[in-house]
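Just so we're on the same page: letters track the sequence lines, and every chain starts at 1.
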There are 2 protein chains.
Amino acid sequence: MQEKPEISNAEFEVLDVLWDDHPATSNDVVVRLNDKKDWHEKTVKTLLGRLVKKGVLGFEKQQRQYLYYPLIAREDYTKKETTNFVSRLFKGKIAPMVAGFANQNSLSKQDVSELKALIKEWEQKND
Amino acid sequence: MQEKPEISNAEFEVLDVLWDDHPATSNDVVVRLNDKKDWHEKTVKTLLGRLVKKGVLGFEKQQRQYLYYPLIAREDYTKKETTNFVSRLFKGKIAPMVAGFANQNSLSKQDVSELKALIKEWEQKND
DNA sequence: TATGTTTGATTACATTTGTAGTCGATATAT
DNA sequence: ATATATCGACTACAAATGTAATCAAACATA
């Protein structure tokens, strides 16, 4: 039905805490967001509602409250967004993006070994 | 002055062609965008104006027309956006983002060799 | 039971964004 | 010189977004 569930920045934050742990009541979400964001409870409720309307969240009633949960997987979302991002900003080429990142942030030894592992895996698959 | 020049998607397209080649008149931009986008000339002009107001573009008058040019470098912008993106979607870890990308798109042999080159460079610098 | 509390639903409202249209001044063509 | 095309400035306007407040129903409390 919904083609592209456009998720706004604020909505994303809400979705993010639900990805971390769900189902959760709106209040759970409010509480967990308090760490990161300084949002009014009403604001969070609004965002939850919008995400439901967009088909991004589902819920079940538990007595009078709702238990919310994501309808889309974090991995699916991040993969799609990443493809999009790389295509828009880097003409679809991943290496320049990594280069820019590495040049702006410091790569940890672990980052590098993870990247090497990825490459090794790729090479085993394609040769 | 302007803290974070929030650049919208549509605005980005305009900025993008100016990064490719500048300075350029509004009409140059309109023409070059015709390939990609199906935007009315007036729309493009509006976007140019908004980018100027946001401090993202500058211009010089050439007789009656303006010659626009970017005030921020593509590299600076993409680096910042990338850091942001990776931090939001991947808790700041680059490897998972590359993994997701690789898993969604096909990495070319060249992508891989570029990544390897990056890593080699990193290793030479940090050991 | 009367009252305050909590929940989701609905409404609010300024700002940003997408997507142009109008206007006044200038440049160009006849 | 006059009509017209063009340019940037300003205006328009609906949808999305950020950020809540209000309202009605259900609960909990005194």
Side-chain angles (χ1 to χ4, degrees), chain A residues 2-18 22-69 71 77 81 84 88, chain B residues 1-18 22-69 77 81 84 88:
Chain A
Q2 80 290 346
E3 295 310 321
K4 263 203 308 178
E6 279 303 333
I7 296 168
S8 80
N9 290 317
E11 286 160 8
F12 175 81
E13 298 294 334
V14 169
L15 177 53
D16 203 34
V17 314
L18 278 170
H22 58 265
T25 66
S26 64
N27 206 58
D28 292 339
V29 175
V30 167
V31 167
R32 289 203 253 143
L33 274 173
N34 266 343
D35 282 354
K36 309 254 124 203
K37 297 292 174 177
D38 192 33
W39 285 342
H40 195 283
E41 169 225 357
K42 296 302 188 180
T43 299
V44 177
K45 303 279 190 87
T46 296
L47 294 171
L48 283 167
R50 288 184 183 166
L51 286 168
V52 168
K53 182 173 307 171
K54 289 183 180 186
V56 173
L57 297 182
F59 63 84
E60 301 174 3
K61 293 185 209 191
Q62 180 199 42
Q63 59 184 51
R64 195 161 62 106
Q65 298 186 142
Y66 289 178
L67 289 181
Y68 295 92
Y69 50 87
L71 290 176
Y77 178 80
E81 288 301 301
N84 231 285
R88 285 169 47 81
Chain B
M1 286 303 114
Q2 79 292 345
E3 295 311 320
K4 263 204 306 179
E6 278 307 331
I7 296 168
S8 80
N9 290 317
E11 285 160 7
F12 175 80
E13 298 294 334
V14 169
L15 177 53
D16 203 34
V17 313
L18 278 170
H22 58 264
T25 66
S26 64
N27 204 59
D28 292 339
V29 175
V30 167
V31 167
R32 289 202 252 143
L33 273 172
N34 265 344
D35 284 353
K36 309 256 125 200
K37 298 291 175 176
D38 193 32
W39 286 342
H40 196 282
E41 171 225 356
K42 296 302 188 179
T43 300
V44 177
K45 304 279 190 89
T46 297
L47 295 172
L48 283 168
R50 289 183 182 168
L51 286 168
V52 168
K53 184 174 306 174
K54 289 183 179 186
V56 173
L57 297 184
F59 62 85
E60 301 174 4
K61 293 186 208 190
Q62 181 199 41
Q63 61 182 49
R64 194 161 62 109
Q65 297 185 142
Y66 289 178
L67 289 181
Y68 295 91
Y69 51 88
Y77 179 79
E81 288 301 300
N84 231 285
R88 285 168 48 81

Trainee: OP1 or OP2 of dA20(C) versus the side-chain N and O atoms of Thr46(B): is any pair under 4.0 Å?
Mentor: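 Answer is no, no contact under 4.0 Å.
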
Trainee: On the nucleotide dT19(C), are OP1 or OP2 found under 4.0 Å from the side-chain N or O atoms that Trp39(B) carries?
Mentor: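 Checking dT19(C) against Trp39(B), a side-chain N or O does come within under 4.0 Å of OP1 or OP2.
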
Trainee: Regarding dT15(C), can its base be found pairing with the side chain of Arg50(B) as donor and acceptor, where the two atoms are less than 3.5 Å apart?
Mentor: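 Such a pair does not exist between side chain and base.
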
Trainee: Expressed as a whole number of angstroms, how long is the span from Lys54(B):NZ to dT16(C):C1'?
Mentor: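 Spelled out: NZ on Lys54(B) to C1' on dT16(C) is 7 Å.
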
Trainee: Using the rule side chain to side chain contact (heavy atoms under 4.5 Å, CB included), only one of Val52(A), Val14(A), Val29(A), Leu33(A) pairs with Leu47(A); which is it?
Mentor: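 One option only clears the test, and that one is Val14(A).
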
Trainee: Which value, rounded to the nearest 0.5 Å, describes the distance between Lys61(B) atom NZ and Leu67(B) atom CG?
Mentor: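 Reported to 0.5 Å precision, the distance equals 12.0 Å.
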
Trainee: Looking across every strand, which nucleic acid part, if any, lies under 4.0 Å from Ser8(B) by heavy atom: base, sugar-phosphate, or nothing?
Mentor: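 Answer is sugar-phosphate: Ser8(B) comes under 4.0 Å of backbone atoms only.
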
Trainee: Taking CD from Glu41(B) and C1' from dA5(D), how many angstroms apart are they, rounded to a whole number?
Mentor: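 Result: 11 Å.
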
Trainee: Would you compute the distance between atom OG of Ser8(B) and atom CG of Leu15(B) and round it to the nearest 0.5 angstrom?
Mentor: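 Ser8(B) atom OG to Leu15(B) atom CG measures 10.5 Å (nearest 0.5 Å).
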
Trainee: Nearest whole angstrom, please: distance from the P of dA5(D) to the NZ of Lys45(B).
Mentor: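 Rounded to the whole Å, the gap is 15 Å.
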
Trainee: Would you kindly give the OH-to-C1' distance between Tyr66(A) and dA25(D), to the nearest whole Å?
Mentor: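 After rounding, the gap between these two atoms is 12 Å.
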
Trainee: If I take atom CG from residue Asp16(B) and atom NZ from residue Lys36(B), how far apart are they, to the nearest 0.5 angstrom?
Mentor: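 That separation rounds to 9.0 Å.
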
Trainee: Reckon Ser26(B) touches a base, only the sugar-phosphate, or nothing at all at heavy-atom distances under 4.0 Å?
Mentor: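 Result for Ser26(B) = sugar-phosphate.
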
Trainee: Please report, rounded to the nearest Å, how far the P atom of dT17(C) is from the CD atom of Glu6(B).
Mentor: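 Taking atom P of dT17(C) as the reference, CD of Glu6(B) is at 7 Å.
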
Trainee: To the nearest Å, how far apart are Lys53(A) NZ and dT10(C) P?
Mentor: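 Those two atoms, NZ and P, are 8 Å apart.
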
Trainee: Verify, without hydrogens or angle tests, whether Asn84(B) (side chain) and Glu81(B) (backbone) share a donor-acceptor contact under 3.5 angstrom.
Mentor: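 Side chain of Asn84(B) to backbone of Glu81(B), a donor-acceptor pair under 3.5 Å: no, none is there.
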
Trainee: Take the protein atom NZ of Lys37(A) and the nucleotide atom P of dT19(D), then report the distance between them rounded to whole Å.
Mentor: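 The distance from NZ of Lys37(A) to P of dT19(D) comes to 8 Å, rounded to the nearest Å.
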
Trainee: When the distance from CG of Leu51(B) to C1' of dT16(C) is rounded to whole Å, what number comes out?
Mentor: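 After rounding, the reported distance stands at 13 Å.
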
Trainee: On DNA chain D, does the nearest nucleotide to Arg64(A) precede the nearest nucleotide to Lys42(A) from the 5' side, or the other way round? Give the residue.
Mentor: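 It is Lys42(A), whose closest nucleotide lies nearer the 5' terminus.
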
